[in-house]
Amino acid sequence: MNRTIDFTNCRRMPGRAYNGANGKKIAVEFEGKQYMLKFPPSGEGKATGLSYTNSCFSEHIASSIFNILGVEAQETMLGTFCIAGKTKVVCACLDFTAEGKQLFDFCSIKNTILDSDSNGSGTEMEDVLETIDKQQFVDPVQLKAYFWDMFAADALLGNFDRHNGNWGFLYDPAEKKSGIAPVFDCGSSLLPQADEEIMRKVLTDPAERDMRIFRFPTSALKQGGRKINYYDFLLRAEDEDCGQAVKRIYERADMEQIGAFIDEVPYLTDLQRQFYKSYIAARLDLILRPAYKMVTREAPERFAPNSTATMR
């Protein structure tokens, strides 16, 4: 949804509060539905010095691309909110628990696996996959396919913060049924810290671009205590289920459709539009395409840092 809305005078929803480090959040009612408004952080983080001023754009664009890729994600839209005379761009996220459904994140489900030595917040890939096999909320085969689809889409979008607390399950107490929750919390995708200077460097300098593809961002998931490098992990093609997800996501990633969507996103500058389209196209070409060729038994092209591969 790419129309522009002013949420300033929307009715605030009492009894709703949200956790999270990046930006303030409030609940409002809009057109009879409940939304969480995510605000951009007010300044740089004291500990990291990083600014996430583009996180609202990242949230909306990444969530929408998940849906384009056929992986159900939270419905989002951009709008504005006036605070103390200043107008801010915010991301409105549809509350999928508003009808009485309960959200259980993967962290809480991981804690129910009694014969596992890992705790709920642990992000070792081996432990996560073990929990997927042992949990009883949904069919493990279905959940594993969903997990790998999410992982492959996060690789395309450069999400560095898909931890156990921001994906999970919905439980309907009336029906006594549980299912997989839509993908949510995608604000750590698409280099949310990038300012105009970084965007220009990524667009004009292949070394700057490739550093942000081959070296970082990494996944929040770990192997052997180290965060997973998307390129290295996918090119090893060690997990058949992961490979099938790469095949699904790559074949659904239509850059013309994604580009047309980005062209219609409100509030973006021309530089931002060009950056988002080029960065996603580069990750598709330099990460998912060689991984796809590994899965389909084609001879993959091995790209190294400072590659001069053309962006789509």
Side-chain angles (χ1 to χ4, degrees), residues 13-29 33-38 59 62-63 66-67 69-76 91-154 157 159-189 219-222 228 241-242 245:
M13 304 296 294
R16 298 292 292 179
Y18 303 99
N19 200 355
N22 296 327
K24 297 183 182 297
K25 308 172 183 71
I26 63 172
V28 300
E29 182 182 34
K33 296 180 180 179
Q34 185 168 303
Y35 288 85
M36 176 179 66
L37 299 188
K38 287 190 172 184
E59 183 82 46
S63 297
F66 261 98
N67 283 314
L69 296 171
V71 183
E72 184 184 6
Q74 188 173 37
E75 178 186 317
T76 62
C91 183
C93 305
L94 182 66
D95 188 344
F96 45 68
T97 67
E99 296 180 354
K101 293 183 179 179
Q102 300 170 351
L103 175 65
F104 293 92
D105 60 32
F106 188 74
C107 179
S108 62
I109 301 307
K110 199 165 180 283
N111 274 329
T112 69
I113 308 302
L114 301 180
D115 59 346
S116 173
D117 293 331
S118 66
N119 61 33
S121 61
T123 55
E124 280 287 332
M125 178 68 80
E126 182 180 357
D127 296 336
V128 169
L129 294 176
E130 178 188 39
T131 299
I132 288 173
D133 285 335
K134 290 183 176 181
Q135 57 77 39
Q136 298 180 356
F137 264 60
V138 298
D139 174 52
V141 174
Q142 178 191 5
L143 182 60
K144 187 171 290 186
Y146 164 86
F147 168 79
W148 285 122
D149 281 352
M150 183 172 61
F151 183 89
D154 279 335
L157 299 168
N159 189 343
F160 59 83
D161 197 35
R162 183 71 65 196
H163 52 75
N164 296 341
N166 60 14
W167 69 282
F169 310 88
L170 284 179
Y171 177 71
D172 187 334
E175 298 289 335
K176 292 185 170 49
K177 292 181 180 179
S178 57
I180 301 171
V183 173
F184 63 97
D185 198 7
C186 298
S188 296
S189 305
S219 170
L221 294 165
K222 298 177 180 180
I228 289 172
D241 293 315
C242 177

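In this chain, residues are counted from 1 in sequence order.
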Straight-line distance of Asn166 CG to Met150 CE, nearest 0.5 Å: 8.0 Å

All heavy atoms of Ala62 vs all of Cys186, minimum pair found to be CB-CB, 3.7 Å

Closest approach of Ala153 and Leu69, non-hydrogen atoms and distance? CB-CD1, 3.9 Å

Taking Asp105 for its side chain and Gly168 for its backbone only, find out whether a donor-acceptor pair lies under 3.5 Å. no

Please report the closest heavy-atom contact between Asp149 and Ala245, naming both atoms and the distance. OD1-CB, 3.3 Å

Would one find more than 12 heavy atoms of other residues, nucleotides or ligands at under 6.0 Å from atom NZ of Lys144? yes

Can you check whether Phe147 reaches Asp241 side chain to side chain, under 4.5 Å on heavy atoms? no

Any idea which heavy atoms bring Ala181 and Leu170 closest together, and the distance? CB-CG, 3.8 Å

Rounded at 0.5 Å granularity, tell me how far OG in Ser188 sits from CG in Asp161. 4.0 Å

Near Glu126 CD, under 6.0 Å, is it more than 12 heavy atoms from other residues, nucleotides or ligands? no

Any donor and acceptor pair, going by atom type alone, linking the side chain of Asn111 with main-chain N or O of Ser108 inside 3.5 Å? no

For the student: nearest non-hydrogen atoms of Leu129 and Trp148, plus distance: CD2-CZ2, 3.8 Å

Side-chain donor or acceptor of Asp154 paired with backbone N/O of Ser219 under 3.5 Å: no

Donor-acceptor check, side chain of Thr123 to backbone of Ala220, threshold 3.5 angstrom: yes or no? yes

Nearest 0.5 Å please: distance from the CD atom of Gln135 over to the CG atom of Leu143. 5.0 Å

Using the test ring pair (Phe, Tyr, Trp, His ring centres under 6.0 Å), find all partners of Phe169 that sit at least two apart in sequence or belong to another chain. Phe137

Parallel under 30°, tilted from 30 to 60°, perpendicular over 60°: which one fits the rings of Trp167 and Tyr146? tilted

When rounded to the nearest 0.5 angstrom, what is the spacing between CG in Asp185 and CZ in Arg162? 7.0 Å

Residues Pro173 and Lys101: closest non-hydrogen pair is CD-CA, 4.4 Å

Are the side chains of Tyr35 and Glu75 in contact, using a 4.5 Å heavy-atom criterion? yes

Quick check for you: to the nearest 0.5 Å, what is the distance between Cys93 atom SG and Met36 atom CE? 4.5 Å

So how far is it from Met125 CE to Leu221 CG, rounded to the nearest 0.5 Å? 4.5 Å

Judged by atom type as modelled, is there a donor-acceptor pair below 3.5 Å linking the side chain of Glu29 to the main-chain atoms of Gln34? no

